[in-house]
Amino acid sequence: MESTVISRSKRKRNRKKRNQRQLRKEQQLQQSSSFPSSSYSKSHYNSSNEREDVDEWLIRSTALILGDNYNTDDETQPEECSITSESSGLPSQFGSMQEYLSHARSVMKAWTHWNSRNTLGYRRDARLTVEIILKRVLYVISHEEETTATDDDDAAAAAEILELRPALVSLVNIIIDAWANGNKINDEAIEHVEGWLHFLKTGETMMNEKQDEEKKKSLVVIGPDEESYRGVVKAYIRMHKREYLEKALQLLEEMSSTSDNQNNIIYPSTLTYNLILYGLANAHQPNNLKKNNAVIAENLLQKKMILSSQKEDCLPDSNSFRQVISAWTKTGSHEAIKKTDEILNQMLNDFPDIDPDASTFNAIMTLNLRLDMVEDAISTFNKMVAMHESGRIGTQPDIYSVNLLLKAITRRRQHNQRQNLNEADELVKTMEYTYHFHPDVQSFNIVIDAWSKSKLPEAVSRAEHLLDVMERRCRNDCLAAKPDSYTFTSVLDSIARSQHNFQRAEKVFHRIEQLYEDGIVERPTIPVYNAYLNALVSSKDWDVLERVESIFAKMITERNANLRSYNTMLKAYSQFRSGKNGYFSRPLKAEELLIQMEEHSGIPYPDGYSYTTVINCFARSIVDRKAKKARRILDKMIQSYLAGNTAAKPNIYAFNGVLSASAHTHHTRFPEERLEAFTILVSTFLLLREWTEPNDSTYILFFRACERLLPKGHRLYEQVVETVVYSCVRDDQMSENVMRALHNTSPDLAKQFEKIDDSI
């Protein structure tokens with residue numbers, strides 16, 4: 001790290017010295033000439049001394065090329081500037097056209113490179129200024145040709161232009177490269193790179209529309225070189241669209257099909273091929289088209305690069321193989337496993353001087369994990385380590401490789417879960433000594449999340465211990481391990497799954513707030529608040545509801561509540577606690593909150609979970625006529641879905657919740673309420689088939705409700721039960737639990753079906 005800092009500092013000093021030398025040279029040139037000073041504006045730039053020095057040099061150097069009629073006080077100047085002037089020939093400050101072109105190249109490079117050092121990438125006005133400089137150069141060349149040419153020396157003039165071809169192509173390539181490397185590539189950039197490539201092919205310059213059509217084609221065709229095509233290909237690839245990827249492939253074919261009888265044969269270089277391969281591997285396309293891209297990428301590697309490398313000097317490098325392997329891994333298919341192995345083995349056997357880098361192995365490991373081939377991912381990592389130990393330096397694992405190994409270890413199935421997690425813990429602890437880099441936040445998050453989902457007794461304490469390690473590292477200025485939102489969410493989720501008392505969740509959350517106050521971590525996000533709410537709701541304490549309501553109210557006040565927050569609050573109201581200090585659910589509060597979600601703007605609209613939770617809240621309550629009230633919520637859910645709320649589609653859990661509310665109405669003293677509950681039971685069961693299919697819980701609840709709501713001598717009892725039993729058999733839901741419920745409801749009917757099963 002220290003050598004890197006020294007190297008950067010040295011480069012900065014050298015760059016400043018070069019700029020100062022160039023500035024002194026231009027000052028001398030200005031003093032020896034009568035060229036007027038420029039009023040070129042520098043209002044866009046920073047006030048640092050270094051930037052001011054370079055800006056001053058750019059002002060004077062640009063003025064030398066554009067002339068005294070170039071006034072940039074007008075903000076529209078870069079786009080509307082006229083490139084013509086009264087003095088149209090070669091400026092007197094330059095002894096030859098070559099010197100003039102060399103100076104123009106330096107200025108154009110300075111504009112693009114200097115303005116690319118800010119975080120916004122290439123500035124649009126800088127690119128337009130560079131274009132104006134080139135247009136002025138082309139105008140000067142064409143004017144010189146017109147003033148010096150006669151009828152007898154047209155051929156000599158054309159020959160002189162051709163001598164300038166390398167310099168002119170270099171100038172155009174600067175512009176193409178500037179547009180292709182902009183921070184945001186868009187249709188404007190594509191239009192410009194295509195226009196300048198067209199100029200190189202045809203000689204038609206991108207002049208203003210005011211100029212004559214004849215002047216647009218004032219030079220002989222100078223022709224593009226490989227770098228010109230590469231810049232346009234890069235612009236196409238950076239668009240990340242299928243149509244531009246196809247254009248890049250067409251451009252590659254145009255380069256490859258250049259006739260051998262031409263003087264300037266253009267073969268794609270390795271860099272150009274790698275750009276195409278990168279585009280094929282990273283194109284934003286549906287999954288069904290990714291295999292086609294992988295096939296094209298492999299064909300380019302095998303047929304265009306490897307077979308043609310002796311003639312075209314486009315021998316593949318490590319990046320070439322990596323992009324093809326990446327293209328196959330993006331397909332996510334089992335065929336990709338075979339293909340990546342073949343390409344990797346070809347690389348190792350046929351190109352021993354090329355080392356596959358960590359990114360190549362990482363792509364293969366990612367595919368293995370995606371296909372749940374955990375042991376293959378571990379084997380790939382071990383292969384990478386073995387190659388590095390054998391002397392192939394380029395195969396050294398990086399932090400992402402080790403993180404993939406951590407994922408593989410925590411996902412092992414044929415080993416003891418506790419042993420796997422202990423192994424992952426040990427790897428995080430020894431990573432610095434084994435692989436020579438510190439574990440980052442992703443490393444810790446993988447292991448904390450694995451402990452959180454393990455449901456082992458020590459899961460919470462181990463997750464909290466890893467959080468302790470991360471905090472100590474941060475306080476010792478190791479910011480790579482700074483806990484993030486995912487870290488805190490995983491720790492709180494581990495507490496929720498273990499059902500510890502709410503004080504443990506509060507302790508972790510107060511710790512998060514303290515870390516934020518100390519400036520170590522970012523402000524707790526909405527997912528962290530939601531995980532905290534869920535941990536409180538999931539605790540085994542009976543007096544936690546007031547704390548949950550307090551936190552939820554704070555989230556609403558601070559506008560930090562989303563749909564998950566509201567659903568967690570609904571979950572809190574639907575909780576049922578048994579025992580000495582137990583309580584029933586609070587359906588009235590839950591329904592009130594649901595109504596707020598439905599009617600108030602600015603509040604998340606309820607989804608299927610919201611409605612289902614309120615239905616279950618009524619089922620677990622002791623309110624009167626809860627079957628009717630639960631059915632009312634189900635009807636609202638159906639209406640919401642039919643009105644366009646696709647997230648509220650009725651599901652089996654909502655219907656089973658209404659059946660459960662009917663089954664638990666038997667404690668009422670009023671026979672008419674039990675009859676009402678039975679009617680709702682039957683109508684809901686019939687409605688269910690219009691939306692979904694019943695499961696075994698549906699039939700268990702139905703039989704239990706019949707047993708509780710109807711007297712066994714009732715005329716409807718046996719008829720209804722027998723009809724539902726046949727429906728259960730037809731739906732293949734006659735499980736052991738259903739048969740047990742049927743025994744309690746109608747023993748005789750259950751014995752009949754047992755005899756039928758025995759005979760079968």
Side-chain angles (χ1 to χ4, degrees), residues 1-12 46 48 117-121 183 357-359 361-362 365-366 381 396-410 421 423-453 460-495 505 507-532 558 560:
M1 176 64 72
E2 184 178 356
S3 62
T4 303
V5 174
I6 294 175
S7 177
R8 289 177 179 173
S9 177
K10 184 177 180 180
R11 288 198 300 269
K12 184 176 180 180
N46 299 335
S48 65
R117 290 174 57 187
N118 61 75
T119 58
L120 299 177
N183 188 52
D357 59 8
S359 298
F361 289 100
N362 293 346
M365 292 177 67
T366 302
F381 181 86
Q396 181 178 7
D398 58 13
I399 183 64
Y400 190 69
S401 312
V402 181
N403 287 343
L404 289 172
L405 177 64
L406 283 172
K407 287 184 180 181
I409 293 174
T410 56
L421 295 179
E423 182 181 349
D425 260 350
E426 186 66 21
L427 178 57
V428 171
K429 188 184 303 182
T430 61
M431 188 184 301
E432 180 180 354
Y433 308 101
T434 307
Y435 302 107
H436 310 295
F437 42 74
H438 296 284
D440 62 2
V441 61
Q442 182 71 10
S443 311
F444 285 99
N445 285 350
I446 291 170
V447 184
I448 291 175
D449 184 63
W451 277 113
S452 173
K453 295 175 180 177
V460 177
S461 58
R462 298 299 288 271
E464 290 177 335
H465 170 71
L466 288 171
L467 181 59
D468 291 338
V469 175
M470 296 178 75
E471 181 179 348
R472 286 198 301 270
R473 285 176 173 268
C474 284
R475 294 189 184 277
N476 292 328
D477 295 330
C478 183
L479 299 181
K482 182 175 71 172
D484 59 8
S485 175
Y486 193 89
T487 311
F488 300 134
T489 302
S490 298
V491 175
L492 291 168
D493 284 346
S494 68
I495 297 175
K507 181 180 178 181
V508 171
F509 189 77
H510 293 330
R511 180 179 179 181
I512 297 171
E513 291 182 319
Q514 185 61 49
L515 289 172
Y516 168 66
E517 292 176 1
D518 294 343
I520 296 177
V521 300
E522 302 295 331
R523 182 183 181 89
T525 60
I526 295 178
V528 175
Y529 272 100
N530 289 341
Y532 178 40
E558 297 178 354
N560 284 334

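Computation of the quantities below employed the complete heavy-atom set of this structure, encompassing side-chain atoms and omitting hydrogens, waters and symmetry-equivalent molecules. Position 1 is the first residue of the sequence; numbering continues from there. All values derive from a computational prediction rather than experimental measurement.
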What are the two closest non-hydrogen atoms of Y516 and E522, and how far apart are they? CD1-C, 3.6 Å

Would a 4.5 Å heavy-atom cut-off, applied to side chains only, mark L427 and E423 as touching? no

By side-chain contact (heavy atoms from CB on, under 4.5 Å) - contacts of E471 (at least two apart): R475, R511, L515

Testing the basics here: between S490 and D449, what is the closest heavy-atom pair and its distance to 0.1 Å? OG-OD1, 3.8 Å

Do you know which two heavy atoms are closest between T525 and S485, and how far apart they sit? OG1-OG, 2.8 Å

Grab the two heavy atoms, one from F437 and one from P397, that are nearest each other, plus how far apart they are. CE2-O, 3.5 Å

What distance do D440 atom CG and I399 atom CD1 have between them, rounded to the nearest 0.5 Å? 4.5 Å

If we ignore hydrogens and angles and just use 3.5 Å, is the side chain of D518 paired with the main-chain N or O of I520 as donor and acceptor? no

Atom CD of E513 with >12 non-hydrogen neighbours under 6.0 angstrom: yes

Decide yes or no on side chain to side chain contact (heavy atoms under 4.5 Å, CB included) for V402 and F381, but give the supporting numbers first. CA-CA 8 Å; V402 181; F381 181 86; 4.2 Å; yes

Reported CG-to-CZ distance for the pair D484 and F444, which is rounded to 0.5 angstrom: 12.0 Å

Partners passing side-chain hydrogen bond (donor to acceptor under 3.5 Å, both in side chains) against D398 (at least two apart in sequence or in another chain): N362, S401

What is the minimum heavy-atom distance between A481 and M470, and which atoms define it? O-CE, 3.2 Å

Does a side-chain heavy-atom distance below 4.5 Å link L467 with F488? yes

Is a donor on one side and an acceptor on the other found under 3.5 Å between the side chain of S443 and the backbone of V428? no

Min side-chain heavy-atom separation V441-K482 under 4.5 Å: no

Do the side chains of K507 and E464 get close enough for a salt bridge, i.e. N-O under 4.0 angstrom? no

M365 CE to L405 CG distance, which is reported to the nearest 0.5 Å: 5.5 Å

Side chain T434, main chain M431, donor-acceptor under 3.5 Å: no

Give me the one residue out of V447, V491, T487 that meets side-chain contact (heavy atoms from CB on, under 4.5 Å) with L466. V447

Does some side-chain heavy atom of L404 sit less than 4.5 Å from a side-chain heavy atom of Y400? yes

Could you work out, with side-chain hydrogen bond (donor to acceptor under 3.5 Å, both in side chains) as the rule, every residue matching E432, not counting sequence neighbours? H438

Suppose we screen for side-chain hydrogen bond (donor to acceptor under 3.5 Å, both in side chains). Which residues come up paired with R472, at least two apart in sequence or across chains? none

Considering residues at least two apart in sequence or located in another chain, which fulfil the ring pair (Phe, Tyr, Trp, His ring centres under 6.0 Å) criterion with Y529? F509

Min side-chain heavy-atom separation W451-S494 under 4.5 Å: no

Distance check, rounded to the nearest 0.5 Å: R523 atom CZ versus I512 atom CD1? 13.0 Å

Which residues share a salt bridge (charged side-chain N to carboxylate O under 4.0 Å, His left out) with D425, sequence neighbours left out: R462

Just so I know, are the side chains of T410 and L421 near enough to count as touching, which here means a heavy-atom distance under 4.5 Å? yes

N476 (side chain) donor-acceptor with C478 (main chain) under 3.5 angstrom: no

A531 and D493: which non-hydrogen atoms are nearest, and at how many Å? CB-OD1, 3.9 Å

